[in-house]
Amino acid sequence: MRETGLRELVRLGANESAFGPSPKAVAAMTAELPRLSWYGDPESLDLRDALAEKHGCAPSQIVVGAGIDDLMGLAVRAFVAPGEPALMARGTYPTFLYHVAGYGGTPVYASYRDDGRPDIEELVAVARGDLARIVYFANPDNPSGHFVPRDEMQRFYDALPHDSLLLLDEAYADFVDEAELLPPVFEDRLIRLRTFSKAYGMAGARIGYALSTESNIRTFGKIRLHYGINRNAQVGALASLQDDAFTENVVGETARAREAYYQLARELGTAAIESRTNFVCLGMESAQRATRVMNELLLRGVWVRKPGAPPLDSYIRVSAGTEPMRRAFAQALRAVLETL
Ligand SMILES: *Cc1c(COP(=O)(O)O)cnc(C)c1O
């Protein structure tokens, strides 16, 4: 907004929820505000109890953090010594790389395939060859939106070296059925990351959690910031877990938004990558053209982003919007494409 001097933007660039947080979460957080002078529960016990019930595990197998980005940093700090290899698909969600670089790990890479999917075979080969200490994988993936179904994910997990740790980023898990995800296994070589930022619409509250073994969770406990979780966020997260109807509605609206973007792509004759997330990548033919489209859209008050690394850098990535937001996006995109 500052760059363009606009007073309002159609926010479709950060995969935030266009459908807001649950009204029950807002009410609970509003009621909690007068107690802002108190620290939050350093153990997030009420929330962990509710999450343990949801996931059929013990509270001791859960740690709450200030979003996945926070937990990802703790995982790198805890499990990657300086110089040790940390593996990811080049161009995937970037925060993992930031932490690896920041804590002195050595990033090693696999690629995306030409169809925009992370190359699982290459990830396994590089993990074995480079003895990767930690392997980062997002499922569903950002920025492609691609989802690896349960059987394939299980084969991937089994094929990884058993002394590598799989850091499985499930930021978009709420948009797929639990039965489609890797089964709930609790092993030292698996840490799963979940968030209230996407389907629950609480990105600004900064709250997420990791699921793993009690031993790994104890390790997080040694290094995490004790009072790092906003007490209001704890209360809001707990309330939103109790509002399934709201979350189901968001998931349904999000699926509708994806369909609308596929339909738009068909009308425009551009490629769209099938997504199981709250965003869709639309093909703009070249990286240069995608950058131009993104910048031109911004000048028209529509904020989208684009992936940075090939082969996905020729796409723009647009978040699921409400119907009016989608209409504004479609209108601006048509206008921009006419000028190119
Ligand atoms: C949005 C997103 C995150 C960030 O989650 P927070 O809980 O808000 O930190 C992490 N990973 C992926 C793949 C994401 O798309």
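We count ligands from 1, going down the list as the structure has it; atoms in each ligand are counted the same way. The model shown is predicted, which means the values in this text are computed figures rather than measured ones. FYI, side chains are in, hydrogens and waters are out, and symmetry mates aren't considered; it's all heavy atoms of this structure.
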Quiz item: To which protein heavy atom is atom 12 (C) of ligand 1 closest, and what is the distance rounded to 0.1 Å?
Solution: D169 OD2, 3.3 Å

Quiz item: Hey, are R305 and N15 close enough side-chain-wise for a donor-acceptor pair under 3.5 Å?
Solution: no

Exercise. Would you check whether D70 has a nitrogen or oxygen atom less than 3.5 angstrom from a nitrogen or oxygen atom of ligand 1?
Key: no

Quiz prompt | Partner residues of Y315 under the ring-ring contact (aromatic ring centres under 6.0 Å, His included) criterion, sequence neighbours left out | solution = none

Self-check item: G208 heavy atom under 4.0 Å from ligand 1
Solution: no

Quiz item: When only distance counts, is A66 in polar contact with ligand 1, meaning an N/O pair under 3.5 Å?
Solution: no

Quiz item: For the rings on H55 and Y209, is their centre-to-centre separation under 6.0 Å?
Solution: yes

Exercise. Report yes if some N/O of Y136 lies less than 3.5 Å from some N/O of ligand 1; otherwise report no.
Key: no

Quiz prompt | Protein residue, atom and distance nearest to atom 5 (O) of ligand 1, heavy-atom basis | solution = I68 CB, 3.7 Å

Quiz item: Do the side-chain N and O atoms of S215 and T213 include a donor-acceptor pair separated by under 3.5 angstrom?
Solution: no

Quiz item: Is ligand 1 less than 4.0 angstrom away from at least one heavy atom of Y172?
Solution: yes

Exercise. Using distance alone, determine whether N15 and ligand 1 share an N or O pair under 3.5 Å.
Key: no

